[in-house]
Amino acid sequence: MLDPRLFRGELDNTAAQLARRGFELDVEAIARLETERKAVQVRTQELQSERNQRSKAIGQAKAKGEDVQPLLDAVADLGDKLKQAEEQLSALQDELGAILMGVPNIPDESVPDGKSEEDNVEVRRWGEPAVFDFEPLDHVDIGQRLGGLDFDAASKLTGSRFAVMSGPLARLHRALIQFMLDLHTTEHGYRETYVPYIVNSDSLRGTGQLPKFEEDLFALQGEHDYYLIPTAEVPVTNLVREEIVEAAQLPLRFAAHTPCFRSEAGSYGRDTRGMIRQHQFEKVELVQIVHPEHSFEALEALTGHAEVVLQRLGLPYRLMNLCAGDIGFSACKTYDLEVWLPGQGKYREISSCSNFRDFQARRMQARWRSPEMKKPELVHTVNGSGLAVGRTLVAILENYQQADGSVIIPDALHPYMAGIRVLRPGEV
RNA sequence: GGAGGGUUGGCUGAGCGGUUGAAAGCACCGGUCUUGAAAACCGGCAUGGGUUAAUAGCCCAUCCAGGGUUCGAAUCCCUGACCCUCCGCCA
C-alpha cells in the first residue's frame with residue numbers, strides 16, 4: 001500500500017510515476033473522494049466533539065445532583081445526525097481504501113522504462129552455456145530416458161501441472177533443498193524458518209496477493225478463509241505483521257523451504273510441457289526485514305545470495321533488471337535470475353528478488369523502533385527465491401546431460417546424494 | 001467434540017457506565033548526583049487519523065474484531081476470532 005498522503009499532496013506526481021508501469025490512477029475520482037472525505041470527516045468529528053462535551057456535562061451535573069433533563073433534551077437529535085455522518089464517512093473511507101489497496105507500488109528510479117519482459121535490461125551474465133556435441137534434450141525427454149519423472153501418474157492422481165518424482169531423481173530434488181538451505185543458513189546469515197503452508201486472508205493482504213489476485217490462489221473450503229501459500233514470502237514476511245521490531249534486531253533474515261501452490265489461472269497454454277510451471281512446486285525463499293535506508297543494499301546482497309546457488313551448481317545464468325511494466329504489484333524494483341536451459345535454448349526465470357520498500361510493511365503495520373525517532377517507523381521488506389527448486393532440477397538435468405542419456409551430479413550436491421555421482425538410464 | 005477461563009499501552013498488570021487514553025511496575029529517553037558507571041531522586045514516554053507550514057497546538061478514534069443498549073461504554077448485551085485449562089479423540 002502506498003502512503004495515503006501521496007493521494008492528497010502529490011496525486012499528479014504519483015499518477016505519473018505509476019503510469020511508468022502501465023497503471024492508470026483515476027486521479028479525478030480520487031481527488032473528488034478526497035475532497036468529500038475531508039468535509040465529511042471534519043463534520044463528523046465536530047459532531048463527535050459536541051457529543052463528548054455534552055455527555056461530560058451531563059455526568060458532571062448528575063454528580064452535583066442537578067436536574068439533567070434539560071441537558072438530555074438538548075442532545076436529543078444529536079445522535080441521529082452523528083450516526084448519519086459516521087455512516088457517510090465510513091462509506092467514503094471504504095471506497096478510498098478499496099482504491100488504495102488496488103494501487104501497485106511506485107517503481108524505483110533505477111527501474112528501466114518498458115512495457116513487457118522484452119524491455120528488461122540485462123545487468124550481468126555468469127558462466128558459459130555448454131556446447132554439446134549432440135542435440136541436447138529438454139528435461140521431459142531426459143526424465144523419460146532416466147525414469148523417475150512421471151507426469152502421467154500425476155495427472156491420474158490430480159490433474160495437469162503436477163509431477164511425480166521417484167528414486168534418485170526424487171533424492172536429487174530433495175538434495176537441492178538441503179543444499180540451498182544449508183548454504184543460506186551457514187554462509188549467508190539467514191535463520192532457518194519453518195512456517196505454515198496455509199495462511200489466512202490477513203496475511204495475503206499484508207504481502208499484497210489480496211485483494212487483487214485472489215484468482216491466482218488456491219482457497220480452502222470450510223469455515224475459515226484459508227488459502228494455500230503461493231510462496232513462503234507470505235507466511236515468513238507476515239511474521240512481523242503488527243509487530244514493532246527493536247532497532248538492534250534489524251536486519252532480520254529468514255530462509256524457509258516450503259511448497260508453493262499457484263492456480264496459474266490465465267497461463268493456459270503456457271509452459272504446459274514439463275515442470276517449468278506447476279500448481280505445486282518447492283522453493284527456498286529468502287526474506288529480509290530491514291532498516292528503511294538499507295533496503296536497496298539488502299536487495300543487492302540477497303540477489304547475490306541467490307546467485308551463489310547457481311554458481312556453486314555451475315549453472316550459467318543472467319541477471320535482469322525488470323522494467324517498470326514487468327515488475328510485480330508490490331515491488332518497487334525486481335531482479336530476475338534467469339538460468340540457461342539448453343533444452344529450450346533460452347534463459348528462463350529461476351529466481352525473482354524484489355525490494356518492496358514500505359509497501360508491504362504499511363499493509364502489515366510492520367514497524368521498528370528507531371532510537372532517534374519517538375515513533376515507530378515502517379520497516380522495509382526484501383525477498384527473493386534462493387531458488388525455485390523444481391526449475392533448478394530442470395536446469396541440472398538439461399545442463400549436465402550426456403550423450404548416453406545420463407546426467408552428472410554437480411559436486412556441490414555430493415554430500416546429499418549418498419554416493420550417487422551420475423544418474424543413468426535404467427538405474428534411476 | 002464437551003465444559004470452563006481469558007484477550008487492556010513495547011512488556012507485566014489495575015480498572016465502580018460519567019474529566020480513565022486509561023493506575024502501578026518494568027523497559028526506554030532526558031536531567032540531578034558521580035572522576036565515570038551503577039544506585040537513588042526528578043521529569044518524559046501509546047497508536048492511528050483530521051486540521052496545520054509544523055514532528056507546535058487543537059480535535060477525533062482506538063482497551064481482540066463486528067454489531068447493540070445509553071446523553072455517555074475498557075466497563076452492560078449479542079455474534080465472531082484467537083489463546084489457556086480439563087475431558088474425549090488423534091499423528
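In what follows, chains carry the letters A, B, and so on, assigned in the order in which the sequence lines appear, proteins first and then strands, with residues in each chain numbered from 1.
Take A:Y335 and apply the ring pair (Phe, Tyr, Trp, His ring centres under 6.0 Å) test, not counting sequence neighbours, and it matches no residue. A:F254 pairs by the ring pair (Phe, Tyr, Trp, His ring centres under 6.0 Å) definition with nothing, not counting sequence neighbours. In this structure A:L378 satisfies the side-chain contact (heavy atoms from CB on, under 4.5 Å) test together with A:D358, A:A361, A:R362, A:Q365, A:R367, sequence neighbours excluded. Take A:Q88 and apply the side chain to side chain donor-acceptor pair (under 3.5 Å) test, not counting sequence neighbours, and it matches no residue. For the ring pair (Phe, Tyr, Trp, His ring centres under 6.0 Å) test, no residue two or more places apart in sequence or in another chain qualifies with A:F151. Under the rule for a ring pair (Phe, Tyr, Trp, His ring centres under 6.0 Å), A:H414 has no partner lying at least two apart in sequence or in another chain.
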- Item | For RNA chain B, the dot-bracket pattern of Watson-Crick and G-U pairs whose distances stay under 3.5 Å, | for other-strand partners | (((((((..(((.....[.....))).(((((.......))))).((((((.....)))))).(((((..]....))))))))))))....
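In this entry the distance linking CD of A:Q249 with C1' of B:G10 reads 11 Å, nearest Å. Following rounding to the nearest Å, A:R241 (CZ) and B:C64 (C1') show an atom-to-atom distance of 13 Å. Computed from coordinates, the A:R5 CZ to B:U55 P distance equals 9 Å when rounded to whole Å. Regarding A:L82, its CG atom lies at a distance of 12 Å from the P atom of B:C60, rounded to whole Å. Rounded to a whole Å, the CD atom of A:Q48 is 17 Å from the P atom of B:C71. In this structure, CG of A:D225 is placed 17 Å from P of B:A65, rounded to the nearest angstrom. Atom CD1 of A:I244 and atom P of B:C28 are 16 Å apart (whole Å). One can place CG of A:L72 at 10 Å from P of B:G72, the figure rounded to the nearest angstrom.
Taking only side-chain nitrogens and oxygens, A:N52 never comes nearer than 4.0 Å to OP1 or OP2 of B:G72. Put simply, A:S49 has a side-chain N or O that comes within less than 4.0 Å of OP1 or OP2 on B:C60.
Comparing B:C45 with B:G21, their C1' atoms are spaced 14 Å from each other, to the whole Å. Comparing the P positions of B:A40 and B:G25 gives a spacing of 12 Å, expressed to the nearest Å. For the C1' atoms, the distance linking B:U62 with B:A74 amounts to 11 Å, nearest Å. A gap of 44 Å separates the C1' atoms of B:G88 and B:A46, to the nearest Å. Look at the C1' atom in both B:G15 and B:A23: the space between them is 8 Å, to the nearest Å. Annotation: B:G68 and B:A56 have their C1' atoms spaced 40 Å apart (nearest Å). The separation of B:A27 from B:G44, taken at their C1' atoms, amounts to 14 Å, rounded to a whole angstrom. Atom C1' of B:C76 sits at a distance of 10 Å from the matching atom of B:U70, rounded to the whole Å.
Residue pairs meeting the side-chain hydrogen bond (donor to acceptor under 3.5 Å, both in side chains) criterion with at least one member in residues 302-312 of chain A, sequence neighbours excluded, are A:R124-A:E307, A:E187-A:R312, A:Y190-A:H305, A:E307-A:Y317, A:Q311-A:Y317. Applying the ring pair (Phe, Tyr, Trp, His ring centres under 6.0 Å) definition to pairs two or more places apart or across chains, those involving residues 153-181 of chain A are A:F162-A:H279.
Position along RNA chain B of the nearest nucleotide to A:G59 versus A:D3 favours A:G59 as the more 5'-ward residue. Of the residues near RNA chain B, A:Q60 and A:V75, the one whose nearest nucleotide (by heavy atom distance) lies more toward the 5' end is A:Q60.
For A:R51, taking side-chain heavy atoms from C-beta onward, the closest of the listed nucleotides B:U51, B:A61, B:U47 is B:A61. When each of B:C60, B:G18, B:U51 is scored by its nearest atom to the side-chain atoms of A:Q45, the top-ranked nucleotide is B:C60. Nearest nucleotide to the A:K38 side chain, out of B:C71, B:U52, B:C60: B:U52. In the set B:A61, B:C82, B:G49, B:C82 carries the atom at the smallest distance from any side-chain atom of A:Y226. Taking the side chain of A:Q365 as heavy atoms from C-beta on, and the options B:C71, B:U51, B:G48, the nearest nucleotide is B:G48. Among B:G49, B:U47, B:G18, the nucleotide with an atom closest to any side-chain atom of A:R367 is B:U47.
For A:K115 and A:D326, the salt-bridge test fails: no basic side-chain N is under 4.0 Å from an acidic carboxylate O. One finds a salt bridge joining A:E50 and A:R54 here, because a Lys/Arg side-chain nitrogen approaches an Asp/Glu carboxylate oxygen to under 4.0 Å.
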Please tabulate, for the side chains in residues 93-105 of chain A, all donor-acceptor contacts under 3.5 angstrom to protein atoms that are two or more places apart in sequence or on a different chain.
residue, atom, partner, partner atom, Å
A:N105, ND2, A:S330, O, 3.0
A:N105, ND2, A:F356, O, 3.2

- Message: Walk along nucleotides 74-80 of chain B from 5' to 3' and tag each nucleotide B, S or - by protein heavy-atom contact under 4.0 Å, base first, then sugar-phosphate.
- Response: -------
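Evaluated for a side chain to side chain donor-acceptor pair (under 3.5 Å) with A:Q360, the options A:R241, A:E233, A:H380 yield exactly one hit, A:E233.
Atom CD1 of A:I396 is separated from atom CD of A:Q401 by 13.0 Å, given to the nearest 0.5 angstrom.
Two residues are said to be in side-chain contact when any heavy atoms from C-beta on lie closer than 4.5 Å; A:R262 and A:F281 meet this criterion.
One can find a donor-acceptor pair under 3.5 Å joining the base of B:G18 and the side-chain atoms of A:K62.
Near RNA chain B, defined here as any heavy-atom distance below 4.0 Å, there are no residues from residues 88-105 of chain A.
Residue A:R37 is classed as a sugar-phosphate contact, given heavy-atom separations below 4.0 Å to backbone atoms only.
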